[in-house]
Amino acid sequence: MLRTKTPRPRGGRSRRATAAGKERGDGRSPSGELSRQLEHVSLFSSLSDRPRGAGLTPFEELLEGSCDPALIPSPPPPLPLPPSPLPLPLQQQATPMDADEPAEKDCCILSQDFFCTPDYITPDAPQLASGFDANKENIPCPNSPEKSVCRSKRYRKDCSPKGLCSTDFLGNQRIDPVQLDGLNEDDSEEEQFKESNSHKRGSYVSQSAVALRCRAMPPPCIRNPYLNTDPQIGDDVFGWRQCKSSGFSLSVGDDDLSRYRIDFHEIEQIGSGNFSNVFKVLKRIDGCLYAVKRSIRQLHNDRERRQAVKEVQALAALGSHENIVGYFTSWFENKQLYIQMELCDRCLSKDGNQPLKCGEALELLYQICKGLDFIHERGIAHLDVKPDNIYVRNGFYKLGDFGCATLINRTLAIEDGDSRYMPLEMLNDKYEHLDKFTSLREGKFALLPGCPMQFQSLIKSMMDPDPVRRPSAKDILRQPIFEKLHHEAPAKK
Ligand SMILES: Nc1ncnc2c1ncn2[C@@H]1O[C@H](COP(=O)(O)OP(=O)(O)OP(=O)(O)O)[C@@H](O)[C@H]1O
Ligand SMILES: [Mg+2]
């Protein structure tokens with residue numbers, strides 16, 4: 001998800017300003033100043049392309065030493081160059097900006113990006129060209145971005161055709177290979193954009209061109225199926241009609257544009273599931289620890305992305321509850337979904353081999369039922385309750401992993417959760433009781449030593465093969481056994 005920023009109109013150093021620079025400036029207005037600067041810059045390449053003496057302008061003649069300098073308005077001061085952290089070879093590429101240096105044809109083509117203001121081109125990635133090392137917290141302040149003076153979009157000969165400089169941490173923009181095959185109806189807008197560009201520019205298109213285009217055309221909003229959308233918000237806002245792509249494609253995609261790397265310092269991997277790896281991270285801007293969950297597989301088409309994003313839509317629609325893992329934000333990057341969440345201490349399945357004591361088990365059941373009741377009240381069913389998906393933090397048990405969440409009214413597709421914990425009727429595709437606790441389906445379990453019979457029978461009833469008799473989370477919360485837990489009141493209706 002890109003934070004879009006509307007490009008400034010004329011006068012700002014945006015792409016439009018670059019285009020304006022192609023017009024002849026008179027040197028009196030700011031745009032005239034810029035135009036002259038641009039002419040000054042681009043002259044070298046045009047000079048080197050043209051036969052000598054063929055219709056030179058006075059300015060060109062001045063450079064050639066054959067024109068009266070008095071006829072030429074004094075050149076504007078050179079553009080201030082930011083100090084560049086780039087290693088020598090890249091700085092050398094920047095020398096065409098210096099009129100004292102001989103201009104080499106191959107070094108003269110400056111990317112238009114050079115003329116864009118940093119805040120236009122890199123609001124998400126201020127370190128784009130700063131020689132950024134992902135593993136060190138050496139990122140400059142977002143307000144003081146540094147830009148490379150030369151970012152060629154040309155194919156780099158020193159890259160192997162396959163590698164294509166997958167990530168160039170030296171400051172050059174990445175040049176992405178365009179997938180020419182494998183595009184289909186579902187393929188994203190970004191992929192289609194790349195494809196259309198490939199016809200114009202050979203087989204490669206700059207990532208920043210995609211990013212800029214995406215910023216110029218904000219993505220459509222995505223309707224959250226778990227929420228009742230305000231009827232005042234028209235269908236057109238959600239882009240279903242005019243745009244077959246959902247907008248999920250508008251994502252940063254490379255390490256040099258990595259929101260994950262820029263915003264977070266990864267500390268360690270703390271978990272993994274069938275679909276995701278989870279990392280403990282430090283958020284650079286606020287210094288707090290979070291969990292970031294990243295899908296293992298790349299999600300190549302819109303259908304896969306829509307499916308994956310349902311997890312965050314459910315979390316976002318639910319809002320905050322002490323027994324549900326906190327959700328902060330999410331985005332797509334490199335075709336993977338990232339979810340920033342509250343960091344928990346551990347999950348229940350990693351609680352060591354010590355069986356829970358009876359009081360702890362009661363507390364766990366009570367808290368998870370509170371979380372479940374909260375989500376059921378909002379019309380959502382979790383469908384994957386199991387020890388792996390119950391986390392512990394500061395004495396609170398929290399339900400996480402909403403990857404299988406669906407709507408109780410069955411208007412959304414149902415993805416079965418872990419079959420070890422699914423009730424029999426769901427394995428038989430019967431989904432009438434989605435708000436019932438799904439658990440071990442045999443209904444047989446060993447007695448819990450030291451636990452009151454009341455508790456044992458409650459657990460047994462939760463595993464009743466008949467979903468009608470099986471209690472819901474709300475039913476469980478009403479059980480008198482929980483009154484002994486010193487909770488002020490059972491969960492509110
Ligand atoms: N917020 C969190 N805080 C701490 N650990 C977490 C957090 N979220 C996930 N984990 C750890 O990462 C593991 C995998 O996370 P999660 O279950 O969300 O991934 P998944 O691929 O969707 O799993 P599944 O195979 O159950 O579908 C969890 O079992 C847990 O150990
Ligand atoms: Mg899980």
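Read the numbers this way: they start at 1 and go in the same order the structure lists the ligands and their atoms.
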Taking atom 30 (C) of ligand 1 as the reference point, the nearest protein heavy atom with its distance: Y391 CE2, 3.7 Å
Pair Y290 and F328, ring centroids less than 6.0 Å apart: yes
Going from CG on N277 to OG on S295, what distance comes out if it is rounded to the nearest 0.5 angstrom? 9.0 Å
For ligand 1, which atoms sit closer than 4.0 Å to a heavy atom of M341? 1 (N), 8 (N)
Taking 4.0 Å as the limit for heavy-atom contacts, which would you say applies to S276 with ligand 1: side chain only, backbone only, both, or neither? both
Mark up the atoms of ligand 1 that fall under 4.0 Å of a heavy atom belonging to F275, in ascending order. 21 (O), 27 (O)
Mind checking whether H382 and F402 have parallel, tilted or perpendicular rings, split at 30° and 60°? perpendicular
Under 3.5 Å, is there a donor-acceptor pair linking the side chains of Q367 and N323? yes
Residues, nucleotides or ligands: over 12 heavy atoms within 6.0 Å of N228 CG: no
With backbone taken as N, CA, C and O and side chain as the heavy atoms from C-beta onward, which portion of S272 lies under 4.0 Å from ligand 1: side chain, backbone, both, or neither? backbone
Between N274 and ligand 1, which residue portion shows a heavy-atom distance shorter than 4.0 Å: side chain, backbone, both, or neither? both
Return the closest protein heavy atom for atom 28 (C) of ligand 1 as residue, atom name and distance. D388 O, 3.6 Å
Would you say CZ of F455 has more than 12 non-hydrogen atoms from neighbouring residues, nucleotides or ligands within 6.0 angstrom? yes
Using a heavy-atom cut-off of under 4.0 Å, does the side chain or the backbone of D345 touch ligand 1, or both, or neither? neither
Got the closest protein heavy atom to atom 11 (C) of ligand 1, with its distance? G271 CA, 3.9 Å
For atom 23 (O) of ligand 1, grab the closest protein heavy atom and report residue, atom and distance to one decimal in Å. D401 OD2, 3.2 Å
Trace of the salt bridge (charged side-chain N to carboxylate O under 4.0 Å, His left out) decision for D401 with K386: CA-CA 10 Å; D401 190 357; K386 60 179 182 179; 5.7 Å; no
For atom 18 (O) of ligand 1, grab the closest protein heavy atom and report residue, atom and distance to one decimal in Å. K293 NZ, 2.6 Å
Between C344 and ligand 1, does any nitrogen or oxygen pair lie at a separation below 3.5 Å? yes
With the Mg ion (ligand 2) as the reference point, give the N/O/S atom of D401 that is nearest. OD2
Among all protein heavy atoms, pick the one closest to atom 6 (C) of ligand 1 and tell me residue, atom and distance. V278 CG1, 3.9 Å
Hey, does the side chain of T329 reach the backbone of Q340 with a donor-acceptor pair shorter than 3.5 angstrom? no
Closest to atom 1 (N) of ligand 1 among protein heavy atoms sits E342 O, 2.8 Å
Hey, is K386 touching ligand 1 through its side chain, its backbone, both or neither, going by heavy atoms under 4.0 Å? side chain
For atom 5 (N) of ligand 1, find the nearest protein heavy atom and state the residue, atom name and distance (0.1 Å precision). I270 CD1, 3.6 Å
